[in-house]
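Just the heavy atoms: all of them, side chains too, but no hydrogens, waters or symmetry mates, feed the values below. Owing to the predicted nature of the structure, the values given are computational and were not obtained by experimental measurement. Both counts, for ligands and for their atoms, begin at 1 and track the order of listing.
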Amino acid sequence: MIVLGIESSCDETAASVIEDGRRICSNVIASQVKTHAPFGGVVPELASREHLALISTVVASALDQAEIELKNIDGIAVTHGPGLIGSLLVGVSFAKSLAMTAGKPIVGVNHIEGHIYSVVFENPPVEYPALALVVSGGHTTLFFIPEEGRYAAIGRTRDDAAGEAFDKVAKLLGLGYPGGPVIDRLARQGDAEAAKLVFSIPRMDSPNLDFSFSGLKTAVLRYVRENRIAPVKEGEPPRQEIIDLVASFQEKVIRSLLSRLKEAARRHRPKTVILAGGVACNSALRLSVTEENFHAPVYYPSPLLTTDNAAMIAAAGHRRLAEGENDGLNFIARATMKIDNFALEGYEAPRKARYKT
Ligand code: KG4
Ligand code: ZN
């Protein structure tokens, strides 16, 4: 089965053709980083406009590179949430018109579920039960997955997402956008012990394995003020005090992610541990999870498949299309959307999703 995937939930316009759910025929990603970098973050209005300008070329390139025509595709999978609503609407509308013109089945895919499927291309098949930690710019959630397609959120961030914390700290220190890759690179030359960050995390009194990053972010801000650290000026190399500070920050984020993942593995004895989402690109985090013994293999994708892409969306859509599902033309895009479809005993039930359309 050949699936065309389309992704436009944030600042990447992407399209991909995959075969049999696991083989990538093409994977085209047009990044808007240059557009948003001067603003230190994604500007939703600009993102929607750019998606509109790029989407037809990106989809045409994906088909071209896969050497396939639309009429020979078996189905279309498109991200319909969560994400920036204006951006999502571009991908969804475009995908629906393709489905209508070519008479193909189409499914709306949850972006987070897409990230979980990003590991299927380069690893052995996922064995269940599995644990998945999705760490991106908008999400930090830990899922227990007893079987394919069933998700219980057993931990989520109470404030900032991990990637958001990377981006905010980088902005504060004048390191540019997006912050994750810069901090990752700098931290390798830093001494995490040299900058002492003092922070308290809110009491985690529920059984859930929740995360919190805003206290750490505030600790960085306080450290900067107390030590009179000036942000890096454009064109200047970062000073050692900044390099040590980001090394310390990154180390704390990784420690927090790992401690929850270890506890989840201890409680649930998974057969596979999945690490996905943009922050999973982080080299120190990858190294730490590899060195950790979860009594199960840890799968994460190569960097190009870790940040937003459409191959992962096609893979998540493939499962449903292969079962004959078709969402038709009536499904909508939603800024807020969850994938957890059951609650695990012993954990707090998921809060009701707030749907913003
Ligand atoms: O998955 P993604 O591309 O988009 C969302 O769905 O949010 O993740 C983007 C996030 C950004 O916050 C970026 O700073 C972070 O992933 N990121 C990293 C690294 N590469 C990207 N964070 C830490 N280390 C990295 N190497
Ligand atoms: Zn993402």
Should you measure from each heavy atom of [X], which atoms of ligand 1 turn up under 4.0 Å away?
{"X": "Gly163", "result": "12 (O)"}
{"X": "Asn282", "result": "23 (C), 24 (N), 25 (C), 26 (N)"}
{"X": "Gly138", "result": "7 (O)"}
{"X": "Thr307", "result": "3 (O)"}
{"X": "His115", "result": "1 (O), 6 (O)"}
{"X": "His111", "result": "6 (O)"}

Working to the nearest 0.5 Å, report the span between CG of Leu4 and CD1 of Ile313.
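Spacing of CG (Leu4) from CD1 (Ile313) equals 12.0 Å.
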Quick one: OG1 on Thr141 to CD1 on Ile116, what's the gap to the nearest 0.5 Å?
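It is 9.0 Å, given to the nearest 0.5 Å.
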Counting heavy atoms only, name the option from Gly277, Ala280, Ala284, Gly180 that's nearest to atom 18 (C) of ligand 1.
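Comparing heavy atoms across Gly277, Ala280, Ala284, Gly180, the nearest one to atom 18 (C) of ligand 1 lies in Gly180.
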Please assess Lys262 against Phe294 for the test side-chain contact (heavy atoms from CB on, under 4.5 Å), listing each intermediate value before the final yes or no.
CA-CA 7 Å; Lys262 263 163 63 181; Phe294 294 107; 4.0 Å; yes
How close do Asp308 and Cys10 get, heavy atom to heavy atom, and via which atoms?
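That would be OD2-CB, 4.1 Å.
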For a distance under 2.8 Å, tell me if His115 has an N/O/S atom near the Zn ion (ligand 2).
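An N, O or S atom of His115 is closer than 2.8 Å to the Zn ion (ligand 2), so yes.
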Do any N/O/S atoms of His111 come under 2.8 Å of the Zn ion (ligand 2)?
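It does: His111 brings an N, O or S atom closer than 2.8 Å to the Zn ion (ligand 2).
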Are the side chain of Asp184 and the backbone of Gly180 linked by a donor-acceptor contact shorter than 3.5 Å?
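Side chain of Asp184 to backbone of Gly180, a donor-acceptor pair under 3.5 Å: no, none is there.
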Qualifying residue, where the test is side-chain hydrogen bond (donor to acceptor under 3.5 Å, both in side chains) with Asp327 and the options are Lys96, Arg320, His80
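Only match with Asp327 under side-chain hydrogen bond (donor to acceptor under 3.5 Å, both in side chains): Arg320.
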[X] and [Y]: aromatic ring centres closer than 6.0 Å?
{"X": "Phe249", "Y": "Phe166", "value": "yes"}
{"X": "His268", "Y": "Tyr347", "value": "yes"}
{"X": "His36", "Y": "Tyr177", "value": "no"}

Please write down residue, atom name and distance for the protein heavy atom closest to [atom].
{"atom": "atom 14 (O) of ligand 1", "answer": "Asp167 OD1, 2.7 Å"}
{"atom": "atom 26 (N) of ligand 1", "answer": "Asp184 OD2, 2.9 Å"}
{"atom": "atom 3 (O) of ligand 1", "answer": "Asp308 N, 3.1 Å"}
{"atom": "atom 9 (C) of ligand 1", "answer": "Gly137 N, 3.8 Å"}
{"atom": "atom 1 (O) of ligand 1", "answer": "Gly278 N, 3.0 Å"}

Ring geometry between Phe211 and Phe213 (parallel below 30°, tilted from 30 to 60°, perpendicular above 60°):
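Correct class here is parallel.
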Looking at Asp308, pick out the N, O or S atom nearest to the Zn ion (ligand 2) and give its name.
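Distance check against the Zn ion (ligand 2) picks out OD1 in Asp308.
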